[in-house]
Amino acid sequence: MHRSEQVTPAQKQSPSHDIVIVGGGLVGASLGCALAPLIERYGWRVAIVEANALPQDDQEATWQPSFDARASAIAEGSAQRFRQLGVWEAMQAEATPINRIHISERGRLGATRLDAQELGVAALGHVIPNAWMGRVLHQKLQQLPIEWHCPATVAQLTPTASGHHLQLSDGSELTAALTILADGGRSGLKEQLGIASRRHSYEQTAVIAHVGISQPHQGIAYERFTSEGPIALLPLPGQAMELVWTHASGSEQARLSLSDHAFLSQLQQAFGDRVGRFTRVGQRFSYPLSLVTAEEPVRPGLAVLGNAAHALHPVAGQGFNLALRSVMDLIEALSLGAQQQRSLGDMHTLQAFERRRSQDRANVIRFSDGLVRLFGYSLPLLPHARGAGLIGLNLIGPLRRGLARRAMGLER
């Protein structure tokens, strides 16, 4: 038993809640929505602890997508999972379908194209503003008997004989049979519990912004590998795209300080003219990139989800999609555990969940990390091999289709 797991006699009591979710962001909110059938069936008492104040109804009524808002690429498999949660119809109102993905390397002839029509799906995925996804999920949560502690953070998280005790920043105290850490891993709760993480810095920083383009994007998403790092462009409503531009850490500062005109000029030079001219750029954000995986994603009465469990390079756009699969697998494991009359937080149930997750997580990490490493080296003959590989992948239909179906979350 870890030192932080020692239980005091005063803590040996029935929990006040069956499940407490720490973090009401996209992952925590998705989990809350996914719990709805189990809450109804078993009468589970669920609470969410969220650090940020929730938007008021009048703010929701007047919300409009901002040109500067961040967006996520939602794979087709994730869209199917959102349909299960009953929120996809509302999310589609601000979703831009990805009809085709174009993968290339600047200065090389090789390219790979993935096409929704060829793969027999309506779309390879969808790009949705994060703010809109949050609004839709929170509107669904308001219909559920879930207790909110917001704004509040967990000041102290202590293992007990029957789960965990949570001391909140607003003075509240909760006890939970099962605690879910979905707080992005920045609160220090993992460290407080002695849960270590494996970290590998890519020594890269992503610059993210919305850009306008001079011609319709036709629902095409681009992944362009350059000598400086990959550039991704995701389609947004109208003639706009979300830019994710990877830089060697430190070099992004010069680009962040450029005028809009100079920034767009350098982007044009780096990316080329496949989307026409870049006409405008919104607010620019920067995020350091690392590969982070929690070494103990589950413990008795505890599960770690989302960025708290794994942070990936955005090159393959798989981070949130992987997290959503984790949410649905946890729901399946909890449902089976309840049918077997196991207690919430039972280690057998959580270990079964983790065994299912570990292979999927390893495959996604291997794929995204492999792309970063493959296109990050500049050995004399390697660029030619990469170009040949991209051409070959474009010609070998079954291999390309298999890769696409895994990226869409339709296969594992």
Side-chain angles (χ1 to χ4, degrees), residues 2-36 38-39 43-61 63 130-131 133-195 294 299-309 323 327 330 334 344-345:
H2 295 268
R3 182 177 300 174
S4 61
E5 291 180 314
Q6 292 177 353
V7 178
T8 66
Q11 293 169 335
K12 296 180 179 180
Q13 53 184 317
S14 298
S16 62
H17 293 77
D18 296 289
I19 298 175
V20 172
I21 303 169
V22 182
L26 294 181
V27 176
S30 296
L31 176 61
C33 292
L35 281 168
L38 299 180
I39 293 173
W44 286 349
R45 297 157 295 171
V46 177
I48 298 178
V49 180
E50 167 55 35
N52 299 302
L54 293 178
Q56 301 302 311
D57 291 341
D58 58 343
Q59 289 177 305
E60 292 183 350
W63 182 86
N130 288 352
M133 281 199 289
R135 292 288 190 269
V136 172
L137 290 168
H138 279 258
Q139 287 172 354
K140 177 71 172 180
L141 287 173
Q142 290 172 11
Q143 303 170 19
L144 304 177
I146 290 179
E147 177 184 315
W148 282 87
H149 292 265
C150 174
T153 58
V154 179
Q156 186 71 32
L157 180 61
T158 308
T160 72
S162 54
H164 285 79
H165 177 269
L166 298 89
Q167 177 69 52
L168 305 189
S169 59
D170 63 3
S172 302
E173 294 189 30
L174 309 177
T175 51
L178 175 61
T179 300
I180 311 293
L181 298 187
D183 58 348
R186 295 183 179 180
S187 68
L189 292 179
K190 285 193 303 180
E191 290 76 9
Q192 191 181 112
L193 292 172
I195 298 176
R299 278 185 177 181
L302 183 78
V304 186
L305 295 183
N307 282 347
V327 165
L330 180 59
L334 294 179
L344 273 170

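Nothing fancy with the numbering, it's 1 onward along the sequence.
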Is there side-chain contact between [X] and [Y], with heavy atoms separated by less than 4.5 Å?
X: C33; Y: V327; value: no
X: Q192; Y: L189; value: yes
X: I146; Y: I21; value: no
X: L334; Y: W44; value: yes
X: V20; Y: V154; value: no

Where do [X] and [Y] come nearest, in terms of heavy atoms and distance?
X: A308; Y: D183; value: CB-OD1, 3.9 Å
X: S172; Y: Q167; value: O-NE2, 3.6 Å
X: N52; Y: P151; value: C-CB, 4.0 Å
X: D18; Y: G43; value: OD2-O, 4.2 Å
X: D170; Y: A152; value: OD2-CB, 3.8 Å
X: G32; Y: L144; value: O-CD1, 3.7 Å

Any chance you could measure [X], atom [atom1], to [Y], atom [atom2], to the nearest 0.5 Å?
X: I48; Y: L35; atom1: CD1; atom2: CG; value: 8.5 Å
X: L330; Y: I180; atom1: CG; atom2: CD1; value: 5.0 Å
X: R299; Y: I195; atom1: CZ; atom2: CD1; value: 4.5 Å
X: L157; Y: H165; atom1: CG; atom2: NE2; value: 10.0 Å
X: N307; Y: L181; atom1: CG; atom2: CG; value: 13.0 Å
X: L26; Y: H138; atom1: CG; atom2: NE2; value: 7.5 Å

(request) Mark yes or no for whether T160, through its side chain, and S162, through its backbone, hold a donor-acceptor pair below 3.5 Å. (result)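 A pair under 3.5 Å: yes.
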
(message) Given 3.5 Å as the limit, does a donor-acceptor pair link the side chain of S16 with the main chain of T175, or not?
(response)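 Yes: the side chain of S16 pairs with the backbone of T175.
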
(request) For E147 and H149, test the side chains for any donor-to-acceptor distance below 3.5 angstrom and give the result as yes or no. (result)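 Yes, because at least one side-chain N or O of E147 sits under 3.5 Å from a partner of the opposite role on H149.
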
(request) With side chain to side chain contact (heavy atoms under 4.5 Å, CB included) as the test, would you mind laying out the steps for L137 and K140 before giving the verdict? (result) CA-CA 5 Å; L137 290 168; K140 177 71 172 180; 5.7 Å; no

(request) Identify which one of T179, L38, L31, V46 satisfies the side chain to side chain contact (heavy atoms under 4.5 Å, CB included) criterion when paired with I19. (result)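 Single pass found, and it is V46.
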
